[in-house]
Amino acid sequence: MISKRFQRFIKSSSGGVTVEFVIIFPLMVLLLILIVFASLLVSTASDVQQFAHELSREALGRFGSGAAITDVCTQMANDSGLMSRLLSQTLLVEPSKLTVLACPSQPSADGFVTVQVSYNFAGSLVQALGQNFGLDMGIISRSSTIRL
């Protein structure tokens with residue numbers, strides 16, 4: 001004894017696409033934002049690692065010159081020409097958020113030089129997106145070791 005209008009409404013397929021769109025579209029946007037976040041995170045971490053690697057290669061050249069060096073990391077961090085040249089090769093690294101950690105006991109007794117770099121995500125798009133997903137994107141640290 002269901003009315004004809006109600007039966008027609010139940011059997012009608014018009015508007016089904018709209019309902020599917022309303023359900024699926026927000027999920028697709030969320031997935032896209034997640035992909036952008038992961039891409040920015042991986043790209044920034046890769047840039048910081050490459051920066052650390054290039055600094056360790058530079059340290060190799062400085063030790064090879066024969067000059068007495070007390071802290072090669074601090075010396076390289078204070079070399080504005082070197083820093084600007086290396087930072088120009090990165091895409092997402094902001095110079096003000098990058099820190100080269102001191103390494104006064106380098107090279108080690110077995111001839112290895114380790115350069116450590118940290119990057120602060122504070123105020124970046126990566127940190128903002130990470131907070132939306134409940135992740136604390138504070139500081140990442142990368143190091144690179146090279147043998148003299």
Side-chain angles (χ1 to χ4, degrees), residues 9-148:
F9 175 74
I10 296 294
K11 291 180 181 181
S12 175
S13 64
S14 63
V17 172
T18 303
V19 171
E20 290 173 4
F21 178 77
V22 167
I23 292 170
I24 293 175
F25 181 72
L27 296 174
M28 295 303 291
V29 169
L30 183 64
L31 180 64
L32 181 65
I33 290 171
L34 184 63
I35 289 170
V36 167
F37 166 71
S39 298
L40 288 172
L41 178 65
V42 169
S43 181
T44 303
S46 176
D47 280 352
V48 172
Q49 179 63 46
Q50 184 64 29
F51 186 82
H53 176 70
E54 293 299 328
L55 275 179
S56 67
R57 290 182 62 210
E58 180 68 25
L60 179 65
R62 290 182 185 229
F63 280 117
S65 68
I69 298 175
T70 55
D71 185 353
V72 69
C73 297
T74 303
Q75 184 186 53
M76 289 186 301
N78 293 332
D79 185 345
S80 59
L82 170 68
M83 296 300 281
S84 62
R85 180 173 53 86
L86 293 179
L87 285 168
S88 70
Q89 298 172 5
T90 65
L91 180 63
L92 298 171
V93 174
E94 295 179 37
S96 62
K97 298 180 179 185
L98 187 72
T99 305
V100 178
L101 304 177
C103 54
S105 61
Q106 301 291 332
S108 64
D110 52 357
F112 288 96
V113 175
T114 300
V115 175
Q116 295 180 329
V117 177
S118 65
Y119 185 74
N120 188 354
F121 278 112
S124 69
L125 178 62
V126 173
Q127 185 188 37
L129 289 173
Q131 287 174 341
N132 289 332
F133 293 109
L135 299 173
D136 180 25
M137 301 308 305
I139 297 174
I140 61 167
S141 296
R142 296 292 185 259
S143 64
S144 179
T145 302
I146 196 164
R147 187 170 188 172
L148 296 178

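At a threshold of 4.5 Å between non-hydrogen side-chain atoms, the residues Phe51 and Val93 do not count as touching. The shortest distance between side-chain heavy atoms of Leu86 and Gln89 falls below 4.5 Å. By the 4.5 Å heavy-atom criterion applied to side chains, Thr90 and Val48 are not counted as neighbours. Using a 4.5 Å heavy-atom threshold, the side chains of Thr44 and Phe121 count as touching. Cys103 has its side chain within reach of Val72: a pair of non-hydrogen atoms, C-beta onward, lies under 4.5 Å apart.
For Glu54, the salt bridge (charged side-chain N to carboxylate O under 4.0 Å, His left out) criterion is met by Arg57, not counting sequence neighbours. Remark: Ala109 engages no residue in a side chain to side chain contact (heavy atoms under 4.5 Å, CB included) (not counting sequence neighbours). Every residue two or more places apart in sequence or in another chain that forms a salt bridge (charged side-chain N to carboxylate O under 4.0 Å, His left out) with Arg85 is listed here: Glu58.
Summarising the geometry of Val115 relative to Ser56, their closest heavy-atom pair is CG2-CA, 3.7 Å, with the distance given to 0.1 Å. The minimum heavy-atom distance linking Gly138 with Asn120 is given by the pair O-OD1, 3.4 Å. Heavy-atom minimum distance, Thr114 versus Ser143: CG2-CB, 4.2 Å. Scanning all heavy atoms of the two residues, the minimum distance from Arg142 to Ala45 falls at NH2-CB, 3.5 Å.
Remark: Ser84 OG to Leu82 CG distance equals 8.0 Å, nearest 0.5 Å. In this structure, CG in Leu91 is found 9.0 Å from CG in Leu40, a value given to the nearest 0.5 Å.
Of the possible donor and acceptor atoms, one in the side chain of Ser39 sits under 3.5 Å from a partner among the backbone N and O of Ile35. Here the side chain of Asp47 pairs a donor or acceptor atom with the backbone of Leu92 at under 3.5 angstrom.
No side-chain N or O of Ser118 forms a donor-acceptor pair with one of Ser141 less than 3.5 Å apart.
In summary, of the residues considered (Gln50, Gln116, Gln49), a side-chain contact (heavy atoms from CB on, under 4.5 Å) with Ser144 occurs for Gln49 alone.
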